[in-house]
Protein chains: 2
Amino acid sequence: MSQMQNVEKQLREMILGLEIGPGERLTERWIESRFGASRTPVRAALLRLETEGLVCRDGRGWTVSPINLAELEQIAVYREAVEVAAVKLTCALADRSAVDVIEAMLDSCDAGTPREEWHRVGMDFHIELARLSGNEFLFRAIRDAMTRLSRARWLEVRDEAALGRAWAEHHAILAAVRAGDADEAARLLSTHIVGSRDRLVTSLHNDRRGLRARGFAVVAA
Amino acid sequence: MSQMQNVEKQLREMILGLEIGPGERLTERWIESRFGASRTPVRAALLRLETEGLVCRDGRGWTVSPINLAELEQIAVYREAVEVAAVKLTCALADRSAVDVIEAMLDSCDAGTPREEWHRVGMDFHIELARLSGNEFLFRAIRDAMTRLSRARWLEVRDEAALGRAWAEHHAILAAVRAGDADEAARLLSTHIVGSRDRLVTSLHNDRRGLRARGFAVVAA
DNA sequence: GATACCGTTTTGGGATACCGAGCTGGTGTC
DNA sequence: GACACCAGCTCGGTATCCCAAAACGGTATC
């Protein structure tokens, strides 16, 4: 693997894993020494992460993108449009057996599963569901949107009940897709996304002082 | 303006203006000498253009992305989802007077307007309409999609009648938005996008030999 | 005449040196 | 004590150099 991909991957993981907090300043030289690469691959990695929205320019320097509540709300609207379109396409497919793989993915999470895994599977559900549509642009749009949402979802305070509800909604969506009921799948998915957004934004809004106390920049809606 | 932005802008214009043909090989050293910049900003510009889909990696090198008919069809589906969502949002706005600006933009084209201008306004119609939604993600999605479509739309053989029909559809969409009729606007926009895609793909498919003879790589659907 | 082999050249990937702008901290003046 | 100013440092932007791998071309052999 090239140095650029290496730096990009590791830096992305550090940002998504909140090892570097939202709003934190980054210098190319720090990344250079941190990952043992020279500035050329570091700069390339930063440029790519910038297009993913994980880092942004701060005047002349680089900053880990803050958590932006207004952005989260806009992404939800975007997701709703794109995911609903994707799931409708999928419902129109002759062979929808691939939903079984996604269902198995959901079922792989149980009481003993670590929180990281729940988080990852919760995102992959939407990404893989979008992939089934066969439309590369819808897929990429959702994958990128989920990447942007990743840190916020990780910070969200989710109780057991909320997680259970999300999983039930995921299962219901898959059932509708399996039945080929596009309207029902779209309705369920739409409701799920809006509900998730409300819980997410509410949770982060309530927690914003605590988050800021942890050094995380949170921009209000 | 920095060298990187300079190279990025000029190279984008050369690619979109077909001064460098789809499928053509690019070397960093050629770009370097062509624009009088060193390889660092050249590489940065290539990385950005790669995310726009205008250039792609070809093994170890760079290639101007070919015209891909399958991609054009997928983009149309993506556009339909995103643009319809955007226009529905716009219809729900209290103040929709900004449609007048877009209408004026359309009306600025007449018989004496050069083809480049028609082409640009035809794209900007969709981009500016999306911007009205106020959703940054919907806007960027459509702007980027139109960028990817730009070269194909330029190559399309469009007769006077087709242009007139497109303009009439644009006006009809604006009228529906002005009236706040979201369903009608969505229906008109959807029809417009599907119709445009059919004409575009058909035109390029019929012309593919001529295009290849001009040195343009065209990948079949 | 075709093909296999080897040296040369080209190319992208990476490392590093240099520059100028901007920030910082310390000092001197009022 | 406050503020203005300046030196030094830091940082991104750029240019350039090196390297290994791949592409190219020529030659020798069959």
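Labels below follow one simple rule: chain letters A, B, ... track the order of the sequence lines, proteins then strands, and each chain is numbered from 1. Computed from a predicted structure; not experimentally measured. Just so you know, these numbers use all the heavy atoms, side chains as well, and skip hydrogens, waters and symmetry mates.
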*Quickly work out the B/Leu46 CG to C/dG13 C1' distance and round it to whole Å.*
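After rounding, the gap between these two atoms is 13 Å.
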*Taking CZ from B/Arg57 and C1' from D/dA22, how many angstroms apart are they, rounded to a whole number?*
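The distance from CZ of B/Arg57 to C1' of D/dA22 comes to 16 Å, rounded to the nearest Å.
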*Measure the distance from CE on B/Met1 to P on D/dG12 and round it to the nearest whole Å.*
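After rounding, the gap between these two atoms is 21 Å.
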*Rounded to whole angstrom units, what separation is found between the CH2 atom of B/Trp30 and the P atom of C/dG12?*
12 Å
*For DNA chain D, determine which residues of residues 31-41 of chain A have any heavy atom closer than 4.0 angstrom to one of its atoms, and list them numerically.*
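Correct list: A/Arg39.
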_Under a 3.5 Å distance rule, please check whether A/Glu117 uses its side chain to pair with a backbone N or O of A/Pro114 as donor and acceptor._
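No, because the side chain of A/Glu117 does not come within donor-acceptor range (under 3.5 Å) of the backbone of A/Pro114.
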*Checking A/Thr202 side chain against A/Arg199 main chain: does a donor-acceptor pair fall under 3.5 Å?*
no
*With B/Phe125 via ring pair (Phe, Tyr, Trp, His ring centres under 6.0 Å) - residues at least two apart*: B/His170
*Out of B/Arg43, B/Arg48, B/Lys9, which one pairs with B/Met4 under the side chain to side chain contact (heavy atoms under 4.5 Å, CB included) rule?*
B/Arg48
*At under 4.0 Å, does any side-chain N or O of B/Arg43 touch on OP1 or OP2 of C/dA15?*
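So the side-chain polar atoms of B/Arg43 never come under 4.0 Å of the phosphate oxygens OP1 or OP2 of C/dA15.
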*What nucleic acid atoms does B/Arg25 come within less than 4.0 Å of, heavy atoms only: base, sugar-phosphate, or nothing?*
nothing
*For residues A/Ser97 and A/Asp95, is any side-chain donor paired with an opposing acceptor at under 3.5 Å?*
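Yes.
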_A cation-pi test, strictly: NZ or CZ of A/Arg115 under 6.0 Å from the centre of the six-membered ring of A/Trp154 and no more than 45 degrees from its axis. Yes or no?_
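Yes - A/Arg115 lies over the ring of A/Trp154, closer than 6.0 Å to its centre and within 45° of its axis.
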*What is the distance from CD of A/Gln5 to C1' of C/dG14, rounded to the nearest Å?*
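Result: 14 Å.
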_Rounded to whole Å, how long is the line connecting atom CD of A/Glu50 with atom C1' of D/dG12?_
13 Å
*Do we see a donor-acceptor contact under 3.5 Å between the side chains of A/Thr147 and A/Asp144?*
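Absent: no donor and acceptor within the cut-off.
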*asked:* Tell me which nucleotide, if any, is Watson-Crick or G-U wobble paired with D/dC30 when both distances must be under 3.5 Å.
replied: C/dG1
_Test your reading of the model: is there a side-chain donor-acceptor pair from B/Trp167 to the backbone of B/Leu106, 3.5 Å cut-off?_
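Indeed, once roles are kept as given, a pair shorter than 3.5 Å links the two residues.
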*Rounded to the nearest angstrom, tell me the gap between atom CZ in A/Arg29 and atom P in C/dA15.*
15 Å
_Assess whether a salt bridge exists between B/Glu128 and B/Arg131, defined as any Lys/Arg side-chain N lying under 4.0 Å from an Asp/Glu carboxylate O._
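Between B/Arg131 and B/Glu128 there is a salt bridge, with a charged N closer than 4.0 Å to a carboxylate O.
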All N/O pairs under 3.5 Å across the protein-nucleotides 20-24 of chain C interface:
residue, atom, partner, partner atom, Å
C/dG20, N2, A/Arg60, NH1, 3.3

